[in-house]
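A quick write-up on the structure given underneath.
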Amino acid sequence: MRLSLRFVLPLMIVLAGIAYAIAPLVDQLTLSWFVHDLDTRSSLLASAIQEPLQEQLAAGKKVQIREFFNRITRDERLFAVGYCASPTATAVASRSLPNEIRCDDLGRWDGAHDHLLPSAKGPLHVTVQPMASEAAPDGRLVLVHDMSFVTRRSEETKRYVFYLFMGLAAVVSLVTVVIAQLSWRGWMAGMRALLRGEGLLRQPGPSAPPSLPEFKPIARDLQRLISELEAETRARDESQVTWSPESLRAILHGELRGEDVIVVSNREPYIHQRRGERIEVTRPASGLVTALEPIMRACSGTWIAHGSGSADREAADQNDRVAVPPDKPAYQIRRVWLTTEEEAGYYYGFSNEGLWPLCHIAHVRPIFRSADWAQYVAVNRKFAQAVASEAKTRDPIVLVQDYHLALLPAMLREQLPDATIIAFWHIPWPNPESFAICPWRDELLAGLLGSSILGFHTQFHCNNFVDTVDRFLEARVDRESFTVSFGGKPTAVRRYPISVAWPPDAEMLEKSVPDCRSDIRRMNDLPPEHMLGIGVDRLDYTKGILERFRAIERLLELNPEWVGRFSFVQIAAPTRSGIDEYEHHEAQVRALAAHINSRFRHQGPPPIVLRIEHHEPREVYAYFRAADLCFVSSLHDGMNLVAKEFVAARDDERGVLILSQFTGAARELPEALIVNPYDADQCAAALHLALTMPVTESRDRMRLMRGLVAEFNVFRWAGRMLLDAAAMRRRSRLIDKTGRGES
Ligand code: GDG
C-alpha cells in the first residue's frame, strides 16, 4: 500500500503539471478551429441572405432591411449584421452593430488573420463579405458573431483535458503497481529460494522450483554477504562473551529458548562397573567425553550412548536412563544396549579396524568386512530409534558425535525432518584418494550429509571432506559458503576447534604445584629435584608413544648428562583391547620401555616409567602440574586435548610443551616446541631444549598458550555450534513463516 502511494502520488502530480502546461495550447487550437468555423458560417449566411437583401436594396427599403437584420440577429451566435453600400455611406445595420465598425474602415478586416474584435461582452468575430448590386457595386455585408461561447467551451475543454490526464494517471498507476507487485513476489520467491540454497541449481524431483538464471549472478554475492555478516556478528558477539558454563546456559535459554538438546555418542560419560559387592562409577579416557561433559552439565539435556559398563543396566531405570554426575545430577544418560555381535562388528570391527586407521595416517592398514558393515548399519539405526524416542519436540537439536555414527544424521533426517543435526567428526578427514579405499565410501558421505552442520577441528579437514564429496558424490559444492547440497538439503561444513574447560575444575588445581611435584616424585621413587616429563594417552598406535620413547632414547644417547637426572612418566589408558593391532602395540610399547630402561637404568632411576592403567582426572592433573615438560607426539590427531589440558593445568606458568606437527592443536599453539615425531634427532633436541629452557622463555611461551586456551575454551566450541544452529533455525522459521504468509 505504502509502495503504491509512493508511486501513484508523484505520477499524478507530474500528469497534472503536463495537463496544466498544455492547456494554453488547447485554447489556441480550439480558438483557431472556431474562427475557421465562423468564417465558413459567415460565407454561408452571406449567400443565404444575399437574395432577400438584394431585393430590399433594389426597393430601397432601409427600414425593412434594418428589421430584417434585427430579426436574423436573434440567432444566439449572430451578434450583428450591417450593410455598407460604399465606403462613404452610413451602414444600414442591426441595432447591435458595434460603433467601431464603420463603412470607411472595413478594409482593416480584409486581410485580418483572426477577425476578432474585443468588446465588453467578450470577443466578437467580424467578417466582411462583398455584396455587389447594380446600384452599389462596392456594397459589402458585415457579419458579427458573438464568441463568448468560445471562452465557455475552452473552459470545458480544459476541464476535460485535466480529467483525461488524471484518469490516465490512475490507469497507468494501477497497471504499474499490479505489474510491480507480481514481479516483486516472483523476485522475493526467487530470493527465498536462493537463501535456502535452491536457486542455484535445478534440484531433482517434480516439485522442485525451476532454476532462475537471472538470480545466478547475484546469488554468490548474496550468499557471501550473508556469511560475512554472520561471521562478523559472530566475531563481535564472541569477542564480547566470556565463554563459561554460565554463558553457554544463557545462549541455550536466550538464543535457543531452552530447546531440546540431545547428544549422541558411542562412549558414555559415566560407566557403572561392578567390583564385587560395590558398584563403581568411572569416567572413561576419551577426548570426546572430556569436551562434552562440561557442556552437558551446562545444558541439562539428554546424552544417548552405548551402555558398556558391567553394572550399567543395574544403575539405569526402566527407561534405560540414569541421572549424572552421580554426586550432583545435572543431565540424563540414556543407555543403548548392544549385543556382543553388534559391539564386535560395529565398534571393534568397522569403526576401529576400518574407519580409525582409514582416517589416521599412521601406516596401519584398515580392515573392512561386510559383516562388520552390516552391524554398523544396524547399530546406527538403533541409535536413530533411541534419538527419536528421546526427542521431546519435532525439531530437537541433535549433536551427533564422531565416526561411530556416520550414518546417523541421514537416518535421523528421515525420522525427524525438522531437527537441527550437528555432526562433529573428532578425528582427521584424509584426502579423497585415501578415503576412497573404503568400500562404503558413498554411503558414509551420504550419511554425514544428512546433517545441517558438519564440524571438523581444522580447515584442512573441512577441505579434505569437501574435496572427497566433490570427487565421489553427485552433490553441489559451494566453496564460497562451504556448503554441500546433496538431495536438495544443504550441509554447512565448518571448522570448530575443540578445547578444554577453562578455568579447569577447581578440584583439579586444588593441590599446589610444589605439592604435586613432591608427591608425584615420591610416588614414582624419584629424587625431589629429578627432571620429569609426562605423556598421557589412550594406548593407541596413532599417539606416537613408540616414537616418543625412541626420542627419549636418542636424547640419552646424544646428551648422556640426562641419564639418571631425567625420567618420563607415560600414563597409557588401556583402550580397544580386543583388537589385535592394539594388543600388538601394547606389547611393543612395553618392550621398548623395558629395552630403554635396561639400557640406561644402571645409573639411577629408570628413564621411562610406564603406567598402563586408567587414572582418575585428578591424578592426571597432578602429573601435569608436577612435570617439567609434556610430550605429545601423535602421528596424526584431530586436535589432541592432552596438549591443551597441560597448558590449562599450569597456573604457575611453568613447564614446556613439545607438540607434534601432525596434531590439530599444533595449528593453535605455535609457542609449543613443534616437532616431527618421525624425526628422533629433532625430538631429542626439543627434549634437551625443554629441559634447559630459561624460565623467562618458558613462562612467555606458557602465558601465550594459556591466553589462547582461555579464550578458545570448550564452551566457545559448543557455543559457536549452538549459535550457528540457532541462526539456522531462525532463518528457516522466517522462510517458513513468510512462505506460508504468501500462499
Ligand atoms: C579424539 C581425537 C580429539 C587419557 N588417559 C587417561 C585420561 N585421558 C584423557 C586425556 C584427554 C583424553 O583422554 C584424550 O584426548 P585426546 O584428544 O588426546 O584423544 P582421543 O581420545 O583420541 O580423542 C582427538 C578428541 O577426540 C576430541 O575431539 O582431540 O584428536 O582422536 O582428555 O586427559 N583420562 C583419565 N584417565 C586416563 O588414564 N581420566
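One-based numbering, in listed order, for ligands and for the atoms of each.
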Under 4.0 Å to a heavy atom of Val642 - the qualifying atoms of ligand 1, by number:
10 (C), 18 (O)
What are the atoms of ligand 1, with element, lying closer than 4.0 Å to any heavy atom of Gly638?
30 (O)
Under 4.0 angstrom from ligand 1, any heavy atom of Trp356?
yes
Should the pair Phe368 and Phe350 be assigned to parallel (<30°), tilted (30 to 60°) or perpendicular (>60°) ring geometry?
tilted
For Ser308 and Ile271 the tightest heavy-atom approach is OG-CD1, 4.2 Å
Under 3.5 Å: N/O of Glu616 near N/O of ligand 1
no
Per-atom contacts of ligand 1 with Leu641, taking only distances under 4.0 Å to non-hydrogen atoms:
16 (P), 17 (O), 18 (O), 27 (C), 29 (O)
Test side-chain contact (heavy atoms from CB on, under 4.5 Å), reference Phe383, set Leu407, Leu412, Val336, output is Val336
Assess, by modelled atom type and distance only, whether the side chains of Asp312 and Tyr270 contain a donor and an acceptor separated by less than 3.5 Å.
no
Establish, from distance only, whether the side-chain atoms of Tyr678 and Arg550 form a donor-acceptor pair under 3.5 Å.
no
Using the ring of Trp356 (Phe, Tyr or Trp, six-membered ring only), decide whether Arg576 places NZ or CZ under 6.0 Å from its centre and within 45 degrees of its axis.
yes
Under 4.0 angstrom from ligand 1, any heavy atom of His457?
yes
Give yes if a backbone or side-chain nitrogen or oxygen of Arg283 is under 3.5 Å from a nitrogen or oxygen of ligand 1, and no if not.
no
Honestly, is Arg716 close enough over Phe712, meaning NZ or CZ under 6.0 Å from the six-membered ring centre and within 45° of the axis?
yes
When the ring centroid of Trp717 is compared with that of Tyr496, is the distance short of 6.0 Å?
no
Which of the numbered atoms in ligand 1 are below 4.0 angstrom from a heavy atom of Val536?
4 (C), 5 (N)
Counting heavy atoms only, which part of Ile498 comes closer than 4.0 Å to ligand 1: side chain, backbone, both or neither?
side chain
May I ask you to say whether Lys543 pairs ionically with Asp540, meaning some side-chain N is under 4.0 Å from a carboxylate O?
no
Selection from His360, Arg538, Lys543, Met639 by shortest heavy-atom distance to atom 19 (O) of ligand 1:
Lys543
Hey, which atoms in ligand 1 end up nearer than 4.0 Å to a heavy atom of Pro617?
39 (N)
Winner among Leu539, Asp637, Asp402, Val500 once heavy atoms are compared against atom 30 (O) of ligand 1
Asp637
Could you tell me whether Phe424 and ligand 1 have an N or O pair separated by under 3.5 Å?
no
